[in-house]
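Residue numbers begin at 1 in each chain, while the letters A, B, ... track the order of the sequences. Both backbone and side-chain heavy atoms feed into the values below; hydrogens, waters and symmetry mates do not.
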Amino acid sequence: MAIQGPEIKFDEYNMLLNECVNKRAVREGQRVHAHMIKTCYLPPVYLSTRLIVLYTKCECLGSARHVFDEMRERNVVSWTAMISGYSQRGFASEALHLFVQMLRSDTEPNEFTFATVLTSCTGVSGFELGRQIHSLIIKRNYESHIFVGSSLLDMYAKAGRIHEAQGIFECLPERDVVSCTAIISGYAQLGLDEEALELFRRFQREGMSSNYVTYASLLTALSGLAALDHGKQVHSHVLRCELPFYVVLQNSLIDMYSKCGNLNYARKIFNNMPVRTVISWNAMLVGYSKHGKGKEVVKLFKLMREENKVQPDSVTFLAVLSGCSHGGLEDKGLEMFDEMMSGGDGIEAGIEHYGCVIDLLGRAGRVEEAFALIKKMPFEPTAAIWGSLLGACRVHSNTDIGEFVGCRLLEIEPENAGNYVILSNLYASAGRWEDVRNVRELMMEKAVIKEPGRSWIELDQTLHTFYASDRSHPRREEVFLKARELLVKFKESGYVPDQSCVLYDVDEEQKEKILLGHSEKLALAFGLISTSEGVPLRVIKNLRICVDCHNFAKFVSKVYGRRVSIRDKNRFHHIAGGICSCGDYW
DNA sequence: ATAGGGTTAG
């Protein structure tokens with residue numbers, strides 16, 4: 001395109017700018033803009049807005065804002081375009097600030113403005129403003145507008161208010177892929193995986209169409225459920241549909257396969273990707289990390305460095321550090337922490353990174369060093385950090401630090417029953433029975449069971465879920481009988497129930513019964529009666545696995561010659577021949 | 001002219 005003569009007017013500028021916007025040709029656009037200035041042409045609102053759109057789409061927010069600030073008058077479109085520019089680039093507070101200014105300038109927002117500004121209403125302060133914006137939306141009768149409604153329900157879902165999100169969704173007079181995907185992903189992001197899956201099925205029955213975003217959200221739910229069969233189905237469906245294989249979808253598949261226990265499939269997808277983002281690398285690294293494959297983590301990170309196409313981010317280092325920790329590579333982990341702290345990648349160590357290193361030191365028995373690092377780090381330690389150190393103190397029998405840490409932990413997190421158990425175990429191993437009793441009493445007084453223990457196992461595309469001492473499963477009688485049989489059999493082979501895992505103060509017989517009722521044991525028993533000999537068992541647990549169940553699973557692997565994998569809240573335990581990949585530290 | 005849902009970590 002050519003810019004000639006000083007006599008260029010609206011029509012020509014409009015045409016030129018439209019072309020620039022379509023082609024994202026920011027250099028050309030800048031020339032057009034410069035020409036306006038040079039010839040003292042004062043663009044009308046319409047053309048300035050085109051410039052704003054061009055600049056925001058080309059990541060030149062500063063230039064866009066400059067044009068916006070210089071405008072003599074603005075209308076709802078120019079305000080909205082500028083707000084949209086900020087929210088799409090993740091500058092939420094600027095977007096919200098501008099929206100407030102817009103209201104003050106007496107410009108009436110329209111459905112475009114509401115739909116875009118709500119995407120910036122995340123976080124606590126954003127949510128408060130979001131609520132207020134919601135009331136404006138109701139007043140102006142935009143609540144059931146499909147774009148505004150989707151944005152609104154998404155805001156509520158991201159704030160954890162899933163019921164409000166559901167309410168808005170139910171009130172939408174029409175639905176489309178985006179609004180349906182928004183509600184599915186709302187559930188999935190909150191870990192309400194079954195609900196997300198159920199909704200997806202409902203929408204499918206109702207004939208809703210899906211796209212790659214829908215499948216990515218669905219895969220998040222399936223990862224959470226470790227529903228490998230379902231995940232495979234989605235994978236082949238996606239292939240059959242010949243959906244364009246977006247990176248995002250492949251990232252979700254990597255995550256799904258590794259969280260379902262199938263690292264090889266995950267790596268196959270990773271290897272075949274024509275383009276990888278940092279999330280692809282992170283998902284793969286996290287996969288290896290959760291499976292305790294420290295060496296693979298280190299190798300893959302090295303490959304990432306060598307390829308040098310994608311810069312590691314803070315999540316990358318989190319994955320690498322936790323991978324070293326889970327894989328028992330203490331020195332390598334410390335080395336990686338130094339590498340990060342040297343600042344070459346421009347990544348600031350967050351509290352989670354310190355958490356990994358503290359975990360790693362504690363695991364290696366370097367409890368004093370871990371404690372020193374907590375005192376040295378520029379963050380206030382969280383319950384998770386103290387909890388990790390307390391666990392290390394118990395395993396390595398460091399009563400001095402353990403006592404201090406345990407007391408701090410009970411102050412910050414008095415409701416968490418697990419803390420009391422670990423502390424009382426620590427006292428027990430030191431023979432301090434009086435303290436054991438005190439801690440137990442304190443626990444009865446203050447602790448609350450937040451999330452009931454739950455385990456499940458996938459057989460023939462069906463998830464079988466068990467709760468502690470479950471009476472709901474259709475084959476419960478058989479399952480209990482089998483569990484009892486296992487108890488007797490394993491005792492003969494040397495299994496001793498670890499009663500320190502029982503939270504309640506009851507007699508031995510009761511304790512044994514409670515222990516045997518743990519959901520993962522029921523799932524294992526069910527797995528044994530429902531599969532033929534030699535078939536590996538894959539159990540998922542929503543919380544951390546207890547020492548006794550971990551031991552029990554070892555006996556399953558040894559006595560029955562089965563490979564057992566258990567995914568708990570933090571990681572995978574691959575158990576074969578009585579030995580677990582976690583090295584009995586988790 | 002301006003608009004909504006998505007992937008890793010915690």
Could you tell me whether A:Thr220 contacts a base, only the sugar-phosphate backbone, or nothing, with contacts defined as non-hydrogen atoms closer than 4.0 Å?
sugar-phosphate

(message) Using a 4.0 Å heavy-atom cut-off, does A:Ser252 contact any base of the nucleic acid, only the sugar-phosphate backbone, or nothing at all?
(response) sugar-phosphate

Provide, to the nearest angstrom, the distance between the [atom1] atom belonging to [X] and the [atom2] atom belonging to [N].
| X | N | atom1 | atom2 | value |
| --- | --- | --- | --- | --- |
| A:Asn110 | B:dG4 | CG | C1' | 14 Å |
| A:Tyr288 | B:dA9 | OH | P | 16 Å |
| A:Lys57 | B:dA3 | NZ | C1' | 11 Å |
| A:Tyr187 | B:dG6 | OH | P | 15 Å |
| A:Tyr215 | B:dG6 | OH | P | 17 Å |

Task: A:Arg276 to A:Trp281 six-membered ring, cation-pi geometry met (6.0 Å, 45°) - done: yes

Test for a donor-acceptor pair under 3.5 Å between the base of [N] and the side chain of [X], counting only N and O atoms.
| X | N | answer |
| --- | --- | --- |
| A:Asn211 | B:dG6 | no |
| A:Asp176 | B:dG4 | yes |
| A:Thr181 | B:dG5 | yes |

Is the shortest side-chain N/O distance from A:Gln250 to OP1 or OP2 of B:dG6 below 4.0 Å?
->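 Checking A:Gln250 against B:dG6: no side-chain N or O falls below 4.0 Å of OP1 or OP2.
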
message: Looking at B:dT2, I'd like to know if its phosphate oxygens (OP1 or OP2) sit under 4.0 Å from a side-chain N or O belonging to A:Ser84.
response: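 Negative; the distance criterion is not met.
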
